[in-house]
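If you're wondering where the values come from, they're calculated on a predicted model, not measured in any experiment. We number each residue from 1, following the sequence as shown.
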Amino acid sequence: MPTIRANGLEIGYDDAGTGPTLLLLHGAATLGARTYDALLPRLTPSFRVVMPDARGHGRTRWNVADGFEAGWLVDDALAFVDALGVTGFHLGGYSMGGMTALELATRIPTRLLSLVLISIVPDRQPRASVAARLLDPDRVARDEPAWMGDMVRTHDPVQGEGAWRDLLRAIADDVMTQPLLTAADLHGVVQAHALSRAVHDGRLLVAPGAGHDVVHQRADVVGAGLAAFYRSTMPVAHDRAGALTEVPR
């Protein structure tokens with residue numbers, strides 16, 4: 001798998017498909033290929049899909065004892081696309097990756113061709129309380145040994161033995177303390193339905209019968225919704241991409 005030097009890290013990433021670049025950011029304690037595996041067959045025929053491993057995850061070595069902050073993930077994502085030489089790109093994120101994508105969008109809105117956010121809201125709660133409960137490594141070891149085994153295989157070979165435990169704690173701690181986007185950043189929007197109205201040509205997709213892991217629980221609905229969204233916004237994205245080639249970043 002390829003790696004690229006960006007923001008002082010050797011970032012491991014997956015790169016598949018052809019077309020305009022679609023940067024997909026994964027959820028906590030997993031990787032892009034697992035977050036989006038159910039959607040990739042719909043996406044790779046139309047996009048070059050790049051999925052970097054966040055710091056401390058998978059192939060991107062980082063000792064979380066040296067810190068783990070949401071803002072650093074945004075810095076990493078921006079440095080990553082710059083290192084790839086990409087100016088304008090489509091952006092998507094799920095859960096932790098959705099929060100990273102949302103903040104990245106507030107930093108460089110003119111470089112985005114589209115933005116998709118999955119299973120995320122910008123409020124601290126209920127994110128913090130849910131993260132504290134679900135990302136407790138002792139609970140995971142006791143109640144979800146299959147998930148524990150998956151994290152051991154995914155993170156420990158590069159990050160070190162037992163790194164998955166430290167990673168879970170670091171993510172949960174950061175959710176409790178990370179700076180929130182301001183009302184000005186979000187134009188006073190704090191809920192998904194309002195966010196979809198506040199952004200340019202925004203849409204909202206609600207998948208009946210799904211929980212947080214909507215990508216896997218209702219891959220049919222999410223996949224069809226994404227396909228329709230990208231088809232309908234293609235003319236705007238094409239125009240934006242053309243404008244980006246005419247002016248400096």
Side-chain angles (χ1 to χ4, degrees), residues 1-7 11-27 31-54 60 73-120 195-196 198-205 214-215 219-249:
M1 298 297 178
T3 64
I4 195 166
R5 188 74 178 173
N7 202 31
I11 297 179
Y13 66 101
D14 294 297
D15 190 336
T18 57
T21 299
L22 169 58
L23 173 64
L24 291 180
L25 305 178
H26 61 74
L31 300 179
R34 293 173 185 167
T35 297
Y36 300 106
D37 55 351
L39 301 178
L40 290 176
R42 284 184 176 266
L43 297 173
T44 52
S46 303
F47 295 97
R48 177 198 180 188
V49 179
V50 290
M51 300 176 292
D53 297 355
T60 303
L73 303 184
V74 182
D75 297 338
D76 297 343
L78 181 54
F80 173 75
V81 291
D82 286 346
L84 289 179
V86 174
T87 302
F89 56 97
H90 299 268
L91 176 61
Y94 166 81
S95 193
M96 181 185 79
M99 199 65 204
T100 305
L102 182 57
E103 185 171 340
L104 180 59
T106 69
R107 290 196 194 180
I108 53 164
T110 59
R111 291 177 61 182
L112 297 190
L113 307 182
S114 69
L115 172 65
V116 171
L117 305 173
I118 304 174
S119 295
I120 193 67
L195 181 59
S196 69
V199 299
H200 178 66
D201 202 19
R203 320 288 172 81
L204 173 67
L205 174 66
V214 62
V215 171
D220 56 337
V221 173
V222 176
L226 285 177
F229 171 73
Y230 288 128
R231 281 196 306 269
S232 66
T233 57
M234 188 179 301
V236 174
H238 184 270
D239 289 347
R240 289 175 66 85
L244 284 169
T245 65
E246 299 169 4
V247 297
R249 279 202 303 255

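- Listed here is the closest heavy atom pair of R5 and A83: O-CB, 3.7 Å.
- The two residues Y13 and P52 have their closest heavy-atom pair at CB-CA, 3.6 Å.
- Interatomic distance, M99 CE to L25 CG, rounded to the nearest 0.5 Å: 13.0 Å.
- Between M96 and A54, the shortest heavy-atom contact is CE-CB, 4.2 Å.
- One finds no salt bridge joining R34 and D14 here, because no Lys/Arg side-chain nitrogen approaches an Asp/Glu carboxylate oxygen to under 4.0 Å.
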Test side chain to side chain contact (heavy atoms under 4.5 Å, CB included) applied to L244 and L113, step by step: CA-CA 10 Å; L244 284 169; L113 307 182; 4.1 Å; yes

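- When every heavy atom of A33 is checked against every heavy atom of D37, the shortest pair comes out as O-CB, 3.0 Å.
- A donor-acceptor pair is defined here as one N or O able to donate and one able to accept, closer than 3.5 Å; such a pair exists between the side chain of T60 and the backbone of G12.
- For residues 226-235, the set of pairs meeting the salt bridge (charged side-chain N to carboxylate O under 4.0 Å, His left out) definition, not counting sequence neighbours, is empty.
- Remark: aromatic rings of Y94 and Y36 are distant, center separation not under 6.0 Å.
- Residues G27 and T35 share a closest heavy-atom pair of N-OG1, 3.5 Å.
- A salt bridge links R111 with D82: the distance from a Lys NZ or Arg NE/NH1/NH2 to an Asp or Glu carboxylate oxygen falls below 4.0 Å.
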Go through the steps for D75 and L73 under the test side chain to side chain contact (heavy atoms under 4.5 Å, CB included), then give the verdict. CA-CA 5 Å; D75 297 338; L73 303 184; over 6 Å; no

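- Distance alone, capped at 3.5 Å, places no donor-acceptor pair between the T18 side chain and the R48 backbone.
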Under the side chain to side chain contact (heavy atoms under 4.5 Å, CB included) criterion, do V214 and I118 qualify, and how do the steps go? CA-CA 8 Å; V214 62; I118 304 174; 3.5 Å; yes

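- To the nearest 0.5 Å, atoms CZ (F89) and OG (S114) are separated by 10.0 Å.
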Evaluate the side chain to side chain contact (heavy atoms under 4.5 Å, CB included) criterion for residues V74 and L78: first the C-alpha distance (whole Å), next the side-chain angles of each, then the deciding distance (0.1 Å), finally the verdict. CA-CA 6 Å; V74 182; L78 181 54; 5.6 Å; no

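- Between L24 atom CG and L43 atom CG the span is 6.5 Å, to the nearest 0.5 Å.
- A donor-acceptor pair shorter than 3.5 Å can be found between the side chains of N7 and D76.
- The two atoms that bring A38 and A219 nearest to each other are CB-CB, 3.7 Å, heavy atoms only.
- To the nearest 0.5 Å, the span separating CG on L115 from CG on L117 amounts to 4.0 Å.
- Taken to the nearest 0.5 Å, the CE atom of M51 stands 9.0 Å off from the CG atom of L22.
- For S46 (side chain) and R42 (main-chain N/O), no donor-acceptor pair under 3.5 Å exists by modelled atom type.
- Between the CG atom in L102 and the CG atom in L91 there is a gap of 9.5 Å [rounded to 0.5 Å].
- Side chains of I4 and F80 form a contact here, defined as non-hydrogen atoms less than 4.5 Å apart.
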